[in-house]
Amino acid sequence: MVARPTAHWAVLGKTPQSLDDYDVISSSTGALSKAEFSDWLKSFSSGTVEPKALPRVAASHFGRRGESWLGLSLQTKPESQDGFHRPYTMTWHVCLRWEQASKTPISYRALYEALLRKDFSGESPFRLSLRDYDPPRLSGVANATARRAAALLLTGRPVCVVRSELPMEQRLDFLDAVAALLPYGMRSGLAVSTWTNSASRHRIRLSFADVAPAHGAWELPWEKDVPYDLPPEARRYEQELAQYEHDGLARLIRRLAALDRPLDLDSETDRAEALVRVREHTAISLASSVKRLLPESLDSLAGADEARLHELNVHLSQALDRVTDDDRRAYRDIVRRNLTRLPDRLAGSPTTETFFEILLRLLYGPALHRHDVENLSHDLAGLIEVPRPLAKALKAASAHCEPLVKLLIAFYIGDARMRQQVVSTMTVDELLHLIGRSRDTTVLNSVLRELTGRDGKEVGQQLRRHRYLVKPISACLGDAGLEHHRSILRLGRDRLLLPADVAQIFEALDEAPPQPFMLAIMAESGQGTGTALLAGLTAHALRQEGLEGPIKREIEDGLTRMTAPALTRALRSPRRLFGGWTRVTASSQTDRIRKLQGAIRQQFPTPLTECDVKAALNRLDHPARLTDLLAIIAESGPGTARALIYWLAQRAVNQLGSRLTAESVADINQGLQRMTGPRRALPLPWRSTRGQA
């Protein structure tokens with residue numbers, strides 16, 4: 001589609017035999033006056049023109065009452081003399097409003113060719129017939145000198161190309177290519193020229209000259225590999241551009257041409273935006289390239305085509321630093337669909353090892369995390385076992401990983417020596433922190449085995465600081481979680497828990513322990529620890545409910561009676577079973593406990609006996625509220641702790657159900673008997689037939 005924008009024009013020069021100086025001798029009328037045209041053209045004068053530099057083409061810009069203009073001038077060789085018998089040049093100038101110039105990308109070459117076809121006569125603006133913007137042609141002209149010129153312009157300093165013997169039209173194409181390597185919006189403030197006089201000061205940012213000016217411009221020799229110490233912003237931009245050639249460079253130029261928002265080369269922020277835009281394009285291009293190359297790489301791997309795999313490795317590696325999270329998800333899906341096997345012939349190939357190193361970074365990033373290693377088996381499901389090149393790549397990647405990830409990698413590749421090396425170099429605190437972050441049973445077992453050989457006193461101190469790892473281990477379901485809790489309780493001691501141990505455990509916890517941990521305490525408890533267990537549970541319940549004052553003292557007094565020696569149970573027996581408590585709507589937890597205490601006193605003589613406590617507990621709603629338990633404790637009599645402890649144990653075991661083995665239930669029952677004294681244990685429906693303690 002040929003663009004036909006409206007152009008305004010002016011002619012700068014003299015008339016034959018005139019004694020006047022250079023001035024605008026004719027122009028279109030309307031938008032710009034002769035005086036404005038004159039100011040514009042003289043502002044971008046390049047100094048006294050040498051005959052060998054003519055014809056000269058220059059692009060410039062102009063601002064008028066907030067409106068931006070883009071212009072192009074052609075200065076021709078002298079054909080006449082003035083009144084002083086001096087030859088003079090003529091300058092033919094066309095200009096467009098930036099609003100028009102930004103609708104469709106326009107090259108300097110297209111403006112120049114359109115200018116040559118026009119008859120500068122009359123007073124009216126005219127339409128220009130501009131050929132289409134041609135990214136493939138521009139990419140063919142954009143050599144290494146053009147890339148460096150574009151990069152140097154982003155320092156804010158002018159650039160002067162020296163030692164070039166190119167004809168004018170090739171110089172113009174070069175200027176066009178440099179501008180094409182920048183966002184199109186920068187043309188709104190970019191002045192270029194096919195020649196400048198270095199002895200004169202001017203406002204032209206990019207030009208050719210015999211020698212570079214001495215007023216702060218970059219000197220850029222034509223097609224010479226000069227070892228510039230480039231500023232960081234120029235070096236980064238040149239490196240980005242150097243990644244493109246042929247069709248890839250044409251696609252980049254097409255994308256930059258779409259960025260038509262005016263950008264100021266004097267603004268550091270606007271110059272930085274150019275790098276951002278190129279990097280955005282690079283990321284999009286590389287992501288598309290990887291999606292195309294990755295299946296081919298996997299086919300080459302399966303077909304044992306090592307030469308082709310080596311070539312593809314080079315291309316894939318270029319994308320490593322530009323991959324987004326969305327890209328990684330797409331790549332992982334490609335690998336799951338296309339990874340089939342690893343031929344024996346490539347099992348020891350360095351090319352294959354390099355491929356897996358690249359693949360890991362494409363799928364998971366520069367550093368592996370816990371969830372990445374956990375996803376490996378799913379993402380690489382096409383591999384029946386972990387091949388040696390993948391194992392080596394994972395070990396190499398583990399050097400930059402945290403200990404937990406290193407340990408997971410060691411388990412994944414089946415390297416027992418690496419696994420032992422990881423845990424043996426970690427402190428007790430690090431090992432416990434590792435358990436706190438892992439959800440893998442094999443990791444827990446490995447770390448627990450290592451901790452059993454460490455200093456028991458230090459392990460005990462660190463366990464208290466880590467809250468006995470209650471929360472992370474409780475995430476393990478059923479018997480596995482219970483056994484891990486028991487293993488933790490055994491660390492640092494070679495005996496059953498004493499009352500002081502149980503009290504210390506509850507003091508270290510922030511809240512009431514989950515049921516698996518409470519059952520573990522019961523299974524590992526020694527003689528007479530029931531009092532400490534109930535005291536810890538009650539203290540947490542009081543804090544959780546926020547109870548203070550008289551009600552707290554009554555509950556604590558009830559706890560003291562519960563854990564005291566039992567009176568003769570023949571003194572009395574329950575008068576009747578509960579008929580159910582009246583549901584209450586309490587304004588506070590204290591009110592609820594008070595009303596429940598009143599209901600208990602109506603049903604039983606207080607203080608409650610062991611049988612009363614058991615009957616009351618069995619009639620509680622499920623799940624029981626803490627306030628209900630605290631009301632029963634407040635009304636309990638001597639020696640009733642056994643009933644509450646067994647009820648808590650039975651409720652926990654019933655809730656865990658089939659996830660507990662018969663052996664674990666038997667151990668819990670034995671612990672209960674040790675906790676509550678040598679007397680005959682209360683009958684439990686879930687009690688094992690295993691021998692009693």
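Scope of the values below: all heavy atoms of this structure, side chains included, with no hydrogens, waters or symmetry mates. This one's a predicted model, so the numbers in the text were calculated from it and none came from an experiment.
At least one donor-acceptor pair under 3.5 Å links the side chain of Asp501 to the backbone N or O of Leu498. For the pair Ser398 (side chain) and Cys401 (backbone), a donor-acceptor distance under 3.5 Å is absent. A donor-acceptor contact shorter than 3.5 Å is absent between the side chain of Arg388 and the backbone of Ser349. In terms of modelled atom types and a separation under 3.5 Å, the side chain of Arg642 and the main chain of Leu672 share no donor-acceptor contact. In terms of modelled atom types and a separation under 3.5 Å, the side chain of Asn669 and the main chain of Val665 share no donor-acceptor contact. One N or O on the side chain of Thr352 and one on the backbone of Leu346 form a donor-acceptor pair closer than 3.5 Å. Although no hydrogens or angles enter the test, the distance criterion places a donor-acceptor pair under 3.5 Å between the side chain of Thr425 and the main chain of Gln421.
Judged by distance alone, the side chains of Ser664 and Asp667 never bring a donor and an acceptor atom under 3.5 Å apart. Side chain to side chain, Tyr364 and Asp379 meet the donor-acceptor criterion of an N or O pair below 3.5 Å. No side-chain donor-acceptor contact under 3.5 Å links Asn445 and Thr442.
Atom CD of Gln655 is surrounded by more than 12 heavy atoms from other residues, nucleotides or ligands within 6.0 Å. Surrounding CZ of Arg417 are at most 12 heavy atoms belonging to other residues, nucleotides or ligands under 6.0 Å away.
For the atom pair CZ (Arg601) and CG (Leu608), the distance works out to 10.0 Å, reported to the nearest 0.5 Å. Within the model, atoms CD of Glu610 and OH of Tyr646 stand 10.0 Å from one another, a figure rounded to the nearest 0.5 Å. In this structure, CZ on Arg449 lies 7.0 Å from CZ on Arg419, to the nearest 0.5 angstrom. Here the CZ atom belonging to Arg490 is positioned 6.5 Å from the CD atom belonging to Glu483, to the nearest 0.5 angstrom. The CE atom of Met675 sits 8.5 Å away from atom CG of Leu497, with the distance rounded to the nearest 0.5 Å. Taken to the nearest 0.5 Å, the CG atom of Leu390 stands 8.0 Å off from the CG atom of Leu359.
Leu362 is listed as a side-chain neighbour of Ile358, based on a closest heavy-atom distance under 4.5 Å. Leu368 is listed as a side-chain neighbour of Ile409, based on a closest heavy-atom distance under 4.5 Å. Between Ser636 and Ile632, the closest side-chain pair of non-hydrogen atoms falls below 4.5 Å. Residues Leu360 and Leu376 meet the side-chain proximity criterion, which asks for heavy atoms closer than 4.5 Å. Considering only heavy atoms from C-beta on, Leu434 stays 4.5 Å or farther from Arg437 through its side chain. Annotation: side chain of Arg625 is not in contact with side chain of Glu545 (no heavy-atom distance under 4.5 Å). In this structure, the side chains of Leu316 and Tyr331 stay at 4.5 Å or more apart for every pair of heavy atoms. No side-chain heavy atom of Glu511 sits under 4.5 Å from any side-chain heavy atom of Arg543.
Residues Leu537 and Pro513 approach most closely at CD2-CD, 4.1 Å, considering heavy atoms. The two residues Leu519 and Ala649 come nearest to each other via the heavy atoms CD2-O, 4.0 Å. His540 approaches Asp510 most closely through the heavy-atom pair CE1-C, 4.0 Å. Considering all non-hydrogen atoms of both residues, Val405 and His369 come closest at CG2-C, 3.7 Å. For the residue pair His485 and Val470, the shortest heavy atom distance occurs at CE1-O, 3.5 Å. Across all their heavy atoms, Ile551 and Gln597 have their closest contact at CD1-OE1, 3.5 Å.
The residues Arg553 and Glu556 are annotated as not salt-bridged, no charged nitrogen and carboxylate oxygen being separated by less than 4.0 angstrom. Comment: Arg594 engages Glu554 in a salt bridge, judged by a side-chain N to carboxylate O separation of less than 4.0 angstrom.
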